[in-house]
Novice: 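Supplied in C-alpha cells, the structure appears directly below.
Proteins come first, then strands; the chains are lettered A, B, ... in the order of their sequence lines, and each starts at number 1.
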Amino acid sequence: MTANVRGTMRKRGRWKFLSWLLPHSILVVFSAVILLPLLWLLRVALTDKSTAYKIPPEWGQASLDNFIEIFTGYPFFSYFLNSVTVALGATVIALPLAVGMAYAFARYNTGGLSLRLFVLSSQMLPPVILVLPLFTLFLKASLINTLPGLILAHMTLSLPFLAWLLVAFFDGEVATLEQAARTDGATRFQALVRITLPVAAPGILAAGLLAFLLSWNEFLYALILSGPHTNTLPVGLSSFQTHRGVDIALLSAATICAILPAMVLLPFLRRYLIRGLSLGALK
Amino acid sequence: MANIVLEGVTKVYGQDILAVDNIDLEIREGEFMVLLGPSGCGKSTTLRMIAGLEEVTSGTLRISDEVVNDVDPADRDLAVVFQNYALYPHMTVERNLAFGLKLRKTPQEVIDRRIRDTTAMLGIDSLLDRRPSELSGGQQQRVALGRALVRDPEAFLLDEPLSNLDAKLRAAMRTELIKIHRMLGKTVVHVTHDQVEAMTMGERICIMREGRIIQVGPPLEVYRHPADSFVAGFLASPPMNLLKARLSGHHGVDEVDLSAVNLPIPRHRQAPLRRHAGSEVVVGIRPEDVHTQEPSDGTHHRVDITVVAVEVLGPEVILVADLGGGQEISVRQGATFHAVAGARIPLYIDLEQLHFFEVDSGLAVLHGGASGPVRPELGSYLKEGGP
C-alpha cells in the first residue's frame with residue numbers, strides 16, 4: 001500500500017467519524033431536551049416536600065411517600081379510573097365507526113373531498129370555541145358531569161382524526177388484495193372482514209392507540225364538561241394547585257403516574273405504526 | 001369454458017377521462033388472447049372491466065353469452081392474476097390457495113386434493129406452510145397462478161403477471177403458461193406491454209392504443225400485415241424501420257425517394273400506390289429484409305451506407321446504418337457480421353418487402369411480401385373499431 005493510498009483512507013476514516021459524530025451530537029442535545037424534564041420530575045417525585053423546592057437541588061433519601069399520599073389523601077385513584085373509562089370508551093366506540101367512515105371514503109368516495117374536509121373542519125377550530133356550545137347542549141341533555149358525556153365529547157375529537165388516518169390504510173395495496181378476494185368469490189363484506197381488516201389491523205391498532213392517548217391527555221373538554229366525580233387525570237393534576245401554592249412533590253408523583261400508561265403503550269404504538277405504514281411491502 | 005364478447009364497450013373515469021373508447025372484441029372459447037399496447041392504452045382497464053373490478057360506462061359485456069355488465073365479480077367465475085400477485089399476506093400459501101374454494105363451500109377433501117394437484121403441477125408443494133413474505137418473487141408468482149388454477153374457473157385474466165420477474169424466470173414462466181393453457185384449454189386473457197410475450201404466447205393478439213383497438217389477429221398475421229405504422233413500429237425488436245419518403249418518378253409511383261437514396265418500386269407493386277402518387281408516405285423496412293451480401297433473386301436494390309453502430313447480441317448482430325438525409329435504419333445480421341463504425345458498406349434492400357403507410361393516419365397502403373394490397377378486414381378495425 002503506498003503512502004498516498006493510506007493517506008486517502010485515513011482521510012476517508014476521519015470523514016466517516018465526523019459524519020457519525022455530527023448527527024449523534026444533535027440527537028444527544030434533543031434527547032436531553034426531552035428527557036431531562038422527565039428525570040427532574042422523577043427526582044422531585046421521589047424527594048420529600050421541603051427538598052423538592054430547594055435550588056440548587058439536593059439529593060435526599062428517595063422515598064415513595066408522595067406516591068402513597070396521592071392515592072390515600074386525594075381521590076387520585078378515582079381520576080385514574082375516570083381517565084381509563086373515558087379514554088377506553090371513546091376509543092372503543094370511535095374506532096369501529098371510524099373504520100366504517102374510512103372504508104366508505106376510500107372505496108365509495110362518499111361525499112367526495114368536500115365531505116372529507118367537512119369531517120376535518122371541526123379539528124381546524126380552536127377547541128375552546130367548540131366546548132362552549134357543547135356545554136350548552138350537554139346541559140340540556142343532562143350529560144354534564146357524566147362519563148358518557150365526556151366519552152361523547154372526546155369522540156368528537158378522535159373520530160375525524162381516526163377516519164382521516166385510516167383512509168390511508170384502506171387505499172393502496174390493501175385495495176388490490178380486496179379486489180383479489182372479490183374475484184376469488186368474496187362479497188364486499190367478506191373481503192372487508194377476512195382480508196382488509198386483518199391486513200390493516202396493525203394500522204388500525206396504531207390509530208386506536210393514538211386516539212386513546214389523545215383522550216388520555218385531553219384537558220379542556222374534561223375541565224369544562226366534568227364535575228367532582230367525573231374528573232379525569234389532567235383535571236385532577238391541576239387540582240394539586242391549591243390556594244397555598246403548587247404542591248410540587250405531589251404533582252410530580254401524580255404526573256409520573258399519569259404518563260405511565262402512555263410510556264407503556266408507546267413501544268406498541270411505534271411497532272404497529274411502522275407495520276401499518278409499511279403495508280405496501282407485499283411484493 | 002367461456003367466450004368473452006365486448007360490444008361497443010367504453011370506460012370513462014370521472015367526467016371526461018376516456019380510458020377505453022367503444023371497443024368490440026370477441027375472445028373465443030379456449031383461446032389465448034393477448035391484449036398488447038403501451039402503458040395507458042386501456043388494456044388493463046379492459047381486463048378489469050371483464051373481471052368486474054371496473055364498471056362498464058357503456059356497451060355490453062358478455063361472458064358465455066350472458067350479459068354480465070352488472071354481475072358482481074364474485075359471481076363471474078373468473079380468476080385474475082395481478083401484476084403484484086396480491087397474495088393475502090396474513091395467510092399461509094395453503095390458505096391463500098384454499099380461500100376461494102372455502103368461500104364456495106367446497107368440501108375439505110376436494111380442497112385438499114385440488115391444492116395437492118395444483119401445487120404439484122407448479123412445483124410449489126413444499127411451500128404450503130410459508131407466508132407470502134417468506135417467498136421469492138418467482139415463488140410468489142407461482143402461488144398467485146396456483147390460486148387462480150386451483151379454483152378451476154371459466155377463464156383466466158392475467159394482468160402483466162410476468163413483468164416483475166427477471167428475464168430468465170420470465171422466459172421460463174412464458175413457456176409454462178403456454179403449457180398450462182394447452183393442458184387445460186381454458187380461455188385466457190393476458191395483458192402485457194411486452195411484444196415478445198405477445199408474439200410467443202398469444203393465439204391472437206389485440207393491439208390497443210389510446211383506448212382503441214388497432215388490430216386483432218394471430219401473431220404472424222399482425223407481424224406481416226400491420227394495420228398501421230404504430231403496430232409496425234411496436235412489434236418485434238428491433239421493430240420495423242419507418243422512414244419518411246415521397247413517391248416519385250415518371251408516373252409518381254416508380255420510385256420512393258428517401259431524400260438521399262431512391263428505391264425503385266417493382267412495376268407489379270405500383271397499382272395500390274397510385275392513389276398516393278407523388279405524395280409523402282411512410283416506408284416500412286423490416287430489419288431482416290436488408291442484407292449485406294447481394295441475394296441472387298434479383299429483387300434487391302443496392303444502397304451505400306455509413307455504419308453508425310454495431311450491436312453484438314450473441315446469436316445475431318444489429319447494424320445501425322445511416323442512409324443519408326438524416327434517416328437511419330436497423331439491419332439484422334448473422335452472428336459473424338463485423339463492421340467498424342464510420343465504414344462505408346453496401347446494403348441490399350428487398351424491394352418486394354417494402355411496406356407503405358399513409359403519413360397522416362398511419363394506415364397501411366401496401367404490405368410487403370406476396371400479400372400485396374392491404375386486406376380489407378384488417379383495415380376495418382381502424383375504420384369501425386371492429387369486425
Novice: Could you check whether atom CE of M183(B) has more than 12 heavy atoms from other residues, nucleotides or ligands sitting under 6.0 Å from it?
Specialist: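 Buried by this count: over 12 neighbours within 6.0 Å.
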Novice: So, taking the atom named OG1 in T183(A) and the one named CZ in R151(B), what distance separates them when rounded to the nearest 0.5 Å?
Specialist: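 Going from OG1 on T183(A) over to CZ on R151(B), the span is 6.5 Å.
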Novice: Between L157(B), V80(B), V81(B), which has the largest tally of heavy atom pairs under 4.5 Å with chain A?
Specialist: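 Among L157(B), V80(B), V81(B), the one with the most close pairs to chain A is V80(B).
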Novice: Are T176(A) and Q83(B) packed together at the side-chain level, in the sense that at least one heavy-atom pair is separated by less than 4.5 angstrom?
Specialist: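 No; the side chains remain at least 4.5 Å from each other.
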Novice: With rounding to the nearest 0.5 Å, note down the distance linking CZ in R182(A) to CG in L103(B).
Specialist: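 Between atom CZ of R182(A) and atom CG of L103(B) there are 11.5 Å.
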Novice: Does OH belonging to Y13(B) count more than 12 external heavy atoms closer than 6.0 Å?
Specialist: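 Count over threshold, so yes.
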Novice: More than 12 foreign heavy atoms under 6.0 Å from CZ of F268(A): is that the case here?
Specialist: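 At most 12 heavy atoms, drawn from other residues, nucleotides or ligands, come within 6.0 Å of this atom.
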Novice: Determine, for D72(B) against R188(A), whether the closest basic-nitrogen to carboxylate-oxygen distance falls under 4.0 angstrom.
Specialist: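 Salt bridge between D72(B) and R188(A), a charged N being under 4.0 Å from a carboxylate O: no.
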Novice: Side chain to side chain contact (heavy atoms under 4.5 Å, CB included) with P89(B): which of I195(A), V199(A), V174(A)?
Specialist: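 Output: one option passes, namely V199(A).
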Novice: Where does Q179(A) contact chain B at under 4.5 Å (heavy atoms): side chain, backbone, both or neither?
Specialist: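 For Q179(A), the contact with chain B is made by backbone and side chain together.
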Novice: Give me each pair satisfying side-chain hydrogen bond (donor to acceptor under 3.5 Å, both in side chains) with a member in residues 97-110 of chain B, each pair once, sequence neighbours excluded.
Specialist: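 Checked against side-chain hydrogen bond (donor to acceptor under 3.5 Å, both in side chains) - neighbours excluded - the pairs reaching residues 97-110 of chain B are Q108(B)-D112(B).
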Novice: Please flag which part of L78(B) lies under 4.5 Å from any non-hydrogen atom of chain A: side chain, backbone, both or neither.
Specialist: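 Backbone only.
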Novice: If we define contacts as heavy-atom pairs under 4.5 Å, which of R147(B), R76(B), M91(B) has the most with chain A?
Specialist: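 Sorted descending by pairs with chain A, the first entry is R147(B).
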Novice: Backbone N or O of R194(A) within a donor-acceptor pair of the H90(B) side chain at under 3.5 Å?
Specialist: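 Here the side-chain-to-backbone pair exists.
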Novice: Answer yes or no: is there a side-chain heavy-atom contact under 4.5 Å between D184(A) and Y88(B)?
Specialist: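 Yes, close enough: below the 4.5 Å cut-off.
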Novice: So what's closer than 4.5 Å to chain B heavy atoms on A181(A): side chain, backbone, both or neither?
Specialist: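 For A181(A), heavy atoms of backbone and side chain both lie under 4.5 Å from chain B.
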